[in-house]
Number of protein chains: 2
Amino acid sequence: MKIPARAKRSAAGKVTLNEVAEKVGVSAITISRALRTPEKVSATLRQRIEEVVEELGYRPNQAARALASARSNTVVVLVPSLANEVFVDTLAGIYDVLHPQGYQVLIGNTRYSSEEEAKLLRAYLAHNPDGILMTGFEHTAEVEAQLAGSGCPVVHMMELDPQRPCVGFSQLDCGRAMTEYLLAQGYRRIGFIAAQLDARTLKRREGYRQVLQEQGCYRAEQEISVADASSVGLGARLAQQLLQQAPQLDALFCCNDDLAQGALFFCQRQGIAVPEQLAIAGFNDLAASAWTVPSITSIATPRYEIGKQSAQLLLQLLVGQGEAQRVRDLGFELVVREST
Amino acid sequence: MKIPARAKRSAAGKVTLNEVAEKVGVSAITISRALRTPEKVSATLRQRIEEVVEELGYRPNQAARALASARSNTVVVLVPSLANEVFVDTLAGIYDVLHPQGYQVLIGNTRYSSEEEAKLLRAYLAHNPDGILMTGFEHTAEVEAQLAGSGCPVVHMMELDPQRPCVGFSQLDCGRAMTEYLLAQGYRRIGFIAAQLDARTLKRREGYRQVLQEQGCYRAEQEISVADASSVGLGARLAQQLLQQAPQLDALFCCNDDLAQGALFFCQRQGIAVPEQLAIAGFNDLAASAWTVPSITSIATPRYEIGKQSAQLLLQLLVGQGEAQRVRDLGFELVVREST
DNA sequence: TTGTAAGCGTTATCAC
DNA sequence: GTGATAACGCTTACAA
């Protein structure tokens, strides 16, 4: 006589589909259906099942589900930092789209490191994600190979490339736009400070350089770039350093708002009037920039929307909607405030 | 004649253990062993296996692994916000401990909502996490029940409770300490502004009230609490509002540094001298507070260390180290700066 | 509408 | 040190 081994409860007291099925008096697959496609189960049975599920406190086992269906309902998102408002906002947009659709979001924080990125991707790929959201386009060959071999759609965020699915804006144009605006305001000796030096920062710097070179105002000593993490404190230090090596500056374009805030605080401390003696402009329009005194001119970037649309684009690629617009330029907005 | 179905490759071109086994000419379990417990496999075989694994690009399937072993190597972390430096730092500490140990970290952002917390926990529990890290102790009955029923260890972060595993500090004492410090500086009409109103904020407020009441200086109109999300802008607005209803204030204790920064910016704009006319103190010692002009007195909280030690404590509970110190008070530090 | 059978890729258990 | 076998809990494909 064979005893049905399945009737026993597993270790952690977890309730299984079979236990629910047994109690209801139907087969496991029917319970499975009632949970995933309720419309395919008769109303009475469905109600009975719901009761028992509730009563037993049944929770589907994701691992089993993923293994059986070869779908994990998981999307991997790799961002370079969580300490940066920009990516936190982007993540919020991603969540707001993917969670309602039943997707888990696996966040990977690469800390601006290619190695870390490769390591994280390797680890996360073991979870067979349904899709991947990457920040930018600059990745190691290994990462590119992993992405290609993953067999799942990838959407790149923050930048634009006609060849690949992406949602972002032109970082180069941002750098150009702010520099052109400063020139239009009459500033001529426009300095630049940059940190992090990720691909996007470099593109903004390129925009700055292009415009100044076109106007014949570019001077290498009016610019400082360091690889350190961007921060308010660093902004203060870089402003000090740059003003020492180029005291004649009349404006300062900072590659990120936290640098701009730091530069502003440095000026306050030194008694340098902003914008009268030195105009200050930032980038990203972080929340605090609207409240400093003076408030800081910046470029507002649509990061929440980038998160949202990246996720939406990914969903479309997932269901194979070939018509989906695969490259989405969300633009940016120059926000003029008191500091310029 | 039976054809071994296993020899075929699965959909996404994923390499399986069996394929590696076939190529090496051993059984699957041996490959599995070579990967997880190399010392239990002969050196020569192990080397051969490593080669083939590399050659085929084999990656273990986490879902199968979790299903077979009933261990997911996953830890769930629930934090109320990612927009708050505090929790980002905490997460960094958690990662730094858990990643090297091979654990995945599933981040849940509850957005300060009990409902959201319950929903996230429900979803994440389906992944059979090995452990859970929660923020604070105030959870709905449903969440408590889920935690209890999860069968896995739970560590609470940020606060202290002798009854449960936790790593944090006394929020009440923080509120007391700052208020006592302000009194010691000679301030008597000490206002308080609070946002968010989560359990920890309320405890700090309680500390503020206790001390002022003990000194007979407590005045209800010197305090404003709103449930809105904490932000620099809100700090400016609340400072304005409070100064209107209590113009005689000589000091202002803000329940969070972003509020304090906002209050400071408001004063700058209004020409209120800080600290001469109004002293300002914050909480959490966010990075920017050291750089504003004047710099802001605050309380530095050991959030990175809390993340680290919470993760470490969880690991100890996981291996059943009964001797682990289950309640860890990491304290806090008053950081005196120019604003007081 | 419901059920049967087979298998997803791995690991636990117990032999050899 | 290595292997055969049976799970793990669920879903797919096909039947009834």
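Residue numbering restarts at 1 for every chain, and letters A, B, ... go by the order of the sequence lines. Values below: all heavy atoms of this structure, side chains included; hydrogens, waters and symmetry mates excluded.
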A.B. asks: So, OP1 or OP2 of D:dT2: does either fall under 4.0 Å of a side-chain N or O from B:Arg33?
C.D. replies: no
A.B. asks: Hey, does the side chain of B:Ser150 reach the backbone of B:Cys152 with a donor-acceptor pair shorter than 3.5 angstrom?
C.D. replies: yes
A.B. asks: Taking the minimum atom-to-atom distance to the side chain of A:Thr16, which one of D:dG3, D:dG9, C:dG3 wins?
C.D. replies: D:dG9
A.B. asks: Expressed in angstrom and rounded to an integer, what is the separation of B:Arg36 atom CZ from C:dG9 atom P?
C.D. replies: 17 Å
A.B. asks: Which atom pair, heavy atoms only, marks the closest approach of A:Tyr112 to A:Ser81?
C.D. replies: CE1-CB, 3.6 Å
A.B. asks: With nearest nucleotide decided by heavy atoms, which residue, B:Ser27 or A:Ser32, maps closer to the 5′ end of DNA chain D?
C.D. replies: B:Ser27
A.B. asks: Distance check needed: D:dA13 P versus A:Lys40 NZ, whole Å only.
C.D. replies: 11 Å
A.B. asks: Distance-only, no hydrogens or angles: does the B:Gln325 side chain make a donor-acceptor pair with backbone N or O of B:Val327 under 3.5 Å?
C.D. replies: yes
A.B. asks: For A:Glu305, which residues count as a side-chain hydrogen bond (donor to acceptor under 3.5 Å, both in side chains) partner, sequence neighbours excluded?
C.D. replies: A:Gln309
A.B. asks: Would you jot down, in residue-number order, the residues of residues 61-68 of chain A having a non-hydrogen atom under 4.0 Å from DNA chain D?
C.D. replies: A:Asn61, A:Ala64, A:Arg65, A:Ala68
A.B. asks: Verify, without hydrogens or angle tests, whether B:Ser72 (side chain) and B:Asn128 (backbone) share a donor-acceptor contact under 3.5 angstrom.
C.D. replies: yes
A.B. asks: Which whole-number value in Å describes the distance from A:Leu45 CG to C:dG3 P?
C.D. replies: 7 Å
A.B. asks: Return no unless some side-chain N or O of B:Ser69 is found under 4.0 Å from OP1 or OP2 of C:dA12.
C.D. replies: no
A.B. asks: Hey, is the side chain of B:Ser42 poking within less than 4.0 Å of OP1 or OP2 on D:dG1, counting only N and O atoms?
C.D. replies: no
A.B. asks: Rounded to whole Å, please give me the gap between OH in A:Tyr58 and P in D:dG9.
C.D. replies: 10 Å
A.B. asks: In whole Å, what is the span from the CG atom of A:Asn73 to the P atom of D:dC10?
C.D. replies: 15 Å
A.B. asks: Nearest whole angstrom, please: distance from the C1' of C:dG9 to the CG of B:Leu56.
C.D. replies: 15 Å
A.B. asks: Which heavy atom of B:Thr110 sits nearest a heavy atom of B:Pro80, and at what distance?
C.D. replies: OG1-CA, 3.2 Å
A.B. asks: For A:Arg48 and C:dT2, what is the distance between atoms CZ and P respectively, to the nearest whole Å?
C.D. replies: 14 Å
A.B. asks: Which listed nucleotide (C:dT2, D:dG3, C:dT4) is nearest to the side chain of A:Thr30?
C.D. replies: C:dT2
A.B. asks: Heavy atoms from C-beta onward define the side chain here; which of C:dT10, D:dT2, D:dG9 lies closest to that of B:Pro60?
C.D. replies: C:dT10
A.B. asks: State whether B:Glu144 and B:Arg164 are salt-bridged, where the test is any N-O pair (Lys NZ or Arg NE/NH1/NH2 against Asp/Glu carboxylate O) under 4.0 Å.
C.D. replies: yes
A.B. asks: May I have the distance from B:Gln47 (atom CD) to D:dG1 (atom C1'), rounded to whole angstrom?
C.D. replies: 17 Å
